[in-house]
Amino acid sequence: MSDSARIEFDGQTFEAEVLTGTEDERALDIRKLRASTGLITYDPGYVNTGSVRSAVTFIDGEQGILRYRGYPIEQLAEHSDFIETSYLLIHGELPTTEQLETFRQQIIHHTLLREDMRPLFDAFPRDAHPMAIMSAATSALSTFYQDHYDPRDPDDIQVSIYRLMAKLPTVAAFAYKKSIGQPYVYPQNSMRFTENFLHMMFAVPAEPYQVDPEVAEALTLLLILHADHEQNCSTSTVRLVGSSQVNIYAAIAAGISALWGPLHGGANQDVVETLLEIRDSDSDTASFVARAKDKNDPFRLPGFGHRVYKNYDPRAKIIKEAADRVISKLVGDDPLFAIARELEDVALSDDYFVERKLYPNVDFYSGLIYRAMGLPLDMFPVLFVLGRLPGWIAQWREMIDDPETRIGRPRQIYDGAGERDYVAIGDRG
Ligand code: SDX
């Protein structure tokens, strides 16, 4: 196979080297295209454009393969826990017992928020979407923790990583408690990561609270499955914002905002809202699938389709199996789960979905598990944030450490008005 490609234009020839990845993915290196030919490329949504070389996560969308640092997601889902998987993503290797314990202890001892952060939660209306609070509070962490801040200082980066991993679950739980008018429950250093989060979410100061180990296990699985996904919208946002050399808190806060959208991490909330609509309406799943196909109807089937996967999302497969187990244990028969399975069957037997290779993605079944755990719908994207955080951190660090990193600044094709002179307001039509 050739290792270069030639572009002929206006009597000029540009020879583009073909770059090859670990799994034989190929890319045209066009870094000198404009200097050589005056041409730029045009690719809305970056469908055909690689923005970086990365060693963090590999996805094969045609085969439905997902690996973190080379380890198949199925093996990590079965054998790992979220803190170990976070260490793997951030540091590139599975930790030794000592490395893992140090990482775990560092995170445990950074879970508290400064007490003077609490008024920030009171400043929001009670019905504020918690994703707005997550983004604002994450950016605000840079003002409450200014002592380790410099994105060029390895020690500062390490402390900031511990603080983000440790404090975002506390921020999420405080946002939830604020929304239901309950007292904040502080982190307990005696608890492991997932149990600690569930305790802060569902305990009340008035009585002891026992975390259900099956709920903790299901949440750990979901956090692992959401931990990274190469250059998705929110990760690309973290990299782009981070490329200006702003602090990591600001870059992660930007990623949270990108993830909030219903086309991205907000889809898990959208799925359950749609299933509730189907349950409470006179329409059946077939009519919702028909709406999703109708170009005159803005409705798209939430939790279905993916920019990269043109096969079943391997995460959705694992989550569907877990949903079966967890939902029946926690709530028994869930009519929404039955509707979701029917919706999947109807869609996957419809040519429109088959031709476009639209399958359930990570968001299709995850919300049903969160709901069975007792979480409100608007907290579902927040759980996506907590899962994706180590991936964002790993990708941000790779960007900061990459000698090829330059500030992100795409070009454009201008198709606005040509040059024209200013017209005084009295002379305008
Ligand atoms: C996540 O990128 C990542 O890795 C993301 C993520 C991660 O872990 O970070 O995996 C997490 O964001 C998963 C996706 C969650 N979003 C949704 O479930 C929202 C519903 N899905 C769609 O909006 C859509 O599939 C996207 C946004 C996920 C992907 O959009 P693309 O790649 O731009 O695809 P497209 O919109 O160009 O669709 C191609 C065709 C179009 O039809 P035609 O123009 O060819 O006739 O497929 C159709 C679309 O209309 N289509 C759908 C559909 N998804 C695509 N039609 C109905 N329902 C859908 N869900």
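In each ligand, atom 1 is the first atom listed, and ligand 1 is the first ligand listed.
- When non-hydrogen atoms are compared, ligand 1 lies under 4.0 Å from neither the backbone nor the side chain of Asp313.
- Checking atom 30 (O) of ligand 1 against the protein gives no heavy-atom contact under 4.0 Å.
- A cation-pi arrangement is absent between Arg118 and Phe121, since the terminal nitrogen or guanidinium carbon is not both under 6.0 Å from the aromatic centre and inside a 45° cone about the axis.
- Remark: Arg291 qualifies as a cation-pi partner of Phe288 under the 6.0 Å distance and 45° angle criteria applied to the six-membered ring.
- Rounding to the nearest 0.5 angstrom, the gap separating the CG atom in Asp81 from the CD atom in Glu217 is 11.5 Å.
- Side-chain contact of Tyr68 with Asp228: a donor-acceptor pair under 3.5 Å is absent, judged by distance alone.
- In this structure, Phe337 and Tyr365 have perpendicular ring planes: the angle between them is above 60°, well past the 30° mark.
- In this structure, Phe193 and Leu223 have side chains that are in contact, with non-hydrogen atoms separated by less than 4.5 Å.
- Note on ring orientation: taking the six-membered ring where Trp is involved, the planes of His264 and Phe384 are perpendicular (angle over 60°, cut-offs 30° and 60°).
- In the candidate list His264, Lys357, His226, His264 is nearest to atom 11 (C) of ligand 1, counting heavy atoms.
- Shown here is Tyr414, whose OH atom has more than 12 heavy atoms of other residues, nucleotides or ligands within 6.0 Å.
- With Tyr352, Phe304, Phe384, Phe364 as candidates, the residue nearest to atom 56 (N) of ligand 1 on a non-hydrogen basis is Tyr352.
- Under a 4.0 Å heavy-atom criterion, Ser234 is not in contact with ligand 1.
- One finds the OH atom of Tyr162 at 14.5 Å from the OG1 atom of Thr111 (value rounded to the nearest 0.5 Å).
- Within the 4.0 Å heavy-atom shell around ligand 1 one does not find Gln231.
- For the pair His306 and ligand 1, the shortest N or O to N or O distance falls below 3.5 Å.
- Under 4.0 Å from ligand 1, the heavy atoms of Lys295 that appear belong solely to its side chain.
- Neither the backbone nor the side chain of Glu230 has a heavy atom within less than 4.0 Å of ligand 1.
- Counting heavy atoms closer than 4.0 Å to ligand 1, residue Asp363 contributes side-chain atoms (C-beta onward) but none from N, CA, C or O.
- Inside a 4.0 Å radius of atom 3 (C) of ligand 1 there is at least one protein heavy atom.
- Under 4.0 Å from ligand 1, heavy atoms of Arg307 appear from its side chain as well as its backbone.
- Atom 16 (N) of ligand 1 is flagged as protein-proximal [any protein heavy atom, distance under 4.0 Å].
- In this structure, Leu343 and Phe364 have side chains that are in contact, with non-hydrogen atoms separated by less than 4.5 Å.
- The nearest protein heavy atom to atom 35 (P) of ligand 1 is not closer than 4.0 Å.
- Looking at ligand 1, you won't find any N or O of Ala267 less than 3.5 Å from one of its N or O atoms.
- At a heavy-atom cutoff of 4.0 Å, ligand 1 is contacted by no atom of Cys233, backbone or side chain.
- Taking a distance limit of 4.0 Å, we find that atom 39 (C) of ligand 1 is approached by no protein heavy atom.
- By the 3.5 Å distance cut-off applied to N or O atoms, Leu263 is counted among the residues near ligand 1.
- Taking the six-membered ring where tryptophan is involved, the planes of Phe353 and Phe304 are perpendicular, since the angle between them exceeds 60° and thus also 30°.
- The shortest heavy-atom distance from Gly45 to ligand 1 is not under 4.0 Å.
- The structure places CG of Asp345 at 12.5 Å from CG of Asp350, a figure rounded to the nearest 0.5 Å.
- Protein non-hydrogen atoms do reach within 4.0 Å of atom 60 (N) of ligand 1.
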